[in-house]
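Atoms within a ligand are numbered from 1 in the order they appear, just like the ligands themselves. If you're wondering where the values come from, they're calculated on a predicted model, not measured in any experiment. For the numbers below, each heavy atom of this structure counts, side chains included, while hydrogens, waters and symmetry mates do not.
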Amino acid sequence: MAPTTVLLSDFSDVTDFVVNQGNGVKGLSEMGLKALPKQYIQPLEERFSEKKIVPHESIPIIDMSKWDDPEVAKSICDAAEMWGFFQVVNHRVPLQVLDRVKAATHRFFGLSAAEKNKYSKELSPSNNVRFGTSFNTQAEKALEWKDYLSLFYVSDDEASALWPPACKDEVLEYTKSSEVLIKQLLKVLMKGLKVEGTDEAKEALLMGSVRTNLNYYPICPNPELTVGVGRHSDVSTLTILLQDDIGGLYVRGNDGESWIHVPPISGSLVINIGDALQIMSNGKYRSVEHCVIANGSSNRISVPIFINPRPQDTIGPFPEVLASGEKPVYKQVLYKDYVKHFFRKAHDGKKTVDFAKLSIF
Ligand SMILES: CC(C)(COP(=O)(O)OP(=O)(O)OC[C@H]1O[C@@H](n2cnc3c(N)ncnc32)[C@H](O)[C@@H]1OP(=O)(O)O)[C@@H](O)C(=O)NCCC(=O)NCCSC(=O)/C=C/c1ccc(O)cc1
Ligand SMILES: O=C(O)CCC(=O)C(=O)O
Ligand SMILES: [Fe+2]
């Protein structure tokens with residue numbers, strides 16, 4: 001029997017190779033294995049069913065060229081209420097910046113396992129820099145077919161000292177270049193809630209912390225048996241997502257059953273509302289469930305920027321939203337507790353937000 005066959009038939013060796021030695025699923029994929037290891041086989045109900053795709057449906061595409069135009073503002077607020085997801089074009093984030101961060105993502109994942117593993121949970125010099133695979137390998141019954149690098153921004157000095165040289169400049173450039181767009185989107189969304197005046201305190205609550213992830217989804221031998229990312233909603237205020245031209249991101253339709261593909265559009269950014277903004281808007285803006293399928297023929301990357309409250313902030317429905325007598329659906333929660341709750345369990349769709357629901361709901 002070939003040595004690789006012995007390795008892959010043994011449960012502990014697969015997890016050791018992928019998780020502990022830092023090879024990731026990229027390492028597994030590049031071994032050219034013919035069948036998906038059993039650790040990655042999702043239960044039937046979590047596998048993606050083509051039958052549930054609504055073929056001609058699509059999330060809104062919003063042209064931001066005239067971004068002070070009230071019609072543009074209306075499209076953004078309507079999309080946040082109806083879909084929780086939209087794509088933006090002519091968003092003013094330079095296209096070269098997007099190209100550079102995509103190239104940097106390929107460069108980072110192209111490093112050796114030993115080099116990437118320097119940023120693993122066990123070896124990383126900081127909790128703010130983490131290379132890993134799947135989502136939460138301790139809590140998951142079945143693993144997800146994805147490797148990632150997660151970078152929580154604290155300061156330029158920390159980024160300069162601790163982020164991987166293969167990608168740090170490009171990730172910083174991408175994150176900073178997105179700030180103008182993010183502020184504009186939040187300004188418009190706040191106006192839609194009649195939350196006026198973006199003072200410093202409000203700005204910190206909405207966008208006081210930033211996490212940028214680099215995701216790598218390598219070619220998978222049996223894509224229909226597993227997932228790239230399981231069903232979840234983001235815990236952010238807003239997420240700005242850059243995807244390459246492969247596709248595979250699906251958003252839950254309003255019937256709660258169907259899935260809608262988010263087609264790659266060259267130069268666009270995908271925007272979605274996260275749980276923090278769903279909570280602060282008392283449910284007016286929706287943080288919508290989404291997932292990524294595994295792919296049998298192409299490697300895929302994506303680079304989400306998660307715009308969040310600060311860990312130490314308490315979040316709850318804005319007083320302005322409740323001013324008309326609307327009953328609060330959510331209680332006040334410490335944002336750090338909310339995020340820890342999300343990270344400590346496997347992906348479970350929209351269940352995370354129950355953590356912040358008032359008990360009568
Ligand atoms: C609670 C945080 C995340 C960590 O704080 P800490 O003081 O370093 O706390 P811990 O080190 O105790 O980490 C708490 C748990 O979260 C886990 N964790 C710590 N970063 C990570 C990490 N990047 N990755 C996946 N586990 C982690 C960490 O392993 C730990 O789990 P455990 O060891 O089982 O107790 C803290 O930085 C914080 O509140 N940050 C606020 C901003 C923030 O990061 N918001 C989240 C935006 S990310 C988002 O919306 C969606 C992300 C997402 C990601 C993957 C998906 O598949 C889908 C979605
Ligand atoms: O890769 C994608 O398109 C989306 C990934 C995602 O949902 C996430 O990282 O939260
Ligand atoms: Fe997500």
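- In terms of N/O distances under 3.5 Å, ligand 1 is approached by Lys121.
- Salt bridge absent: Lys176 and Glu173 never bring a charged side-chain N and a carboxylate O closer than 4.0 Å.
- Taking any N or O of Gln243, backbone or side chain, none lies under 3.5 Å from an N or O belonging to ligand 2.
- In Thr239, neither the side chain nor the backbone holds a heavy atom less than 4.0 Å from any atom of ligand 2.
- The closest approach between Gln138 and ligand 1 stays at or above 4.0 Å for every heavy atom of the residue.
- With Asn136, Val292, Leu151, Val235 as candidates, the residue nearest to atom 46 (C) of ligand 1 on a non-hydrogen basis is Val235.
- By the 6.0 Å and 45° rule, Lys26 does not stack over the aromatic ring of Phe109.
- Salt bridge Asp313/Arg310: present, at least one basic N to carboxylate O contact under 4.0 Å.
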Apply side-chain hydrogen bond (donor to acceptor under 3.5 Å, both in side chains) to the pair Asn308 and Ser236, showing each step before the final yes or no.
CA-CA 5 Å; Asn308 321 294; Ser236 54; 4.7 Å; no

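- Seen from the Fe ion (ligand 3), atom NE2 of His232 and atom OD1 of Asp234 lie 90° apart in angle, a value rounded to 10°.
- Counting heavy atoms closer than 4.0 Å to ligand 1, residue Arg211 contributes side-chain atoms (C-beta onward) but none from N, CA, C or O.
- A cation-pi arrangement, defined by a distance under 6.0 Å to the six-membered ring centre and an angle within 45 degrees of its axis, is absent between Arg286 and Trp83.
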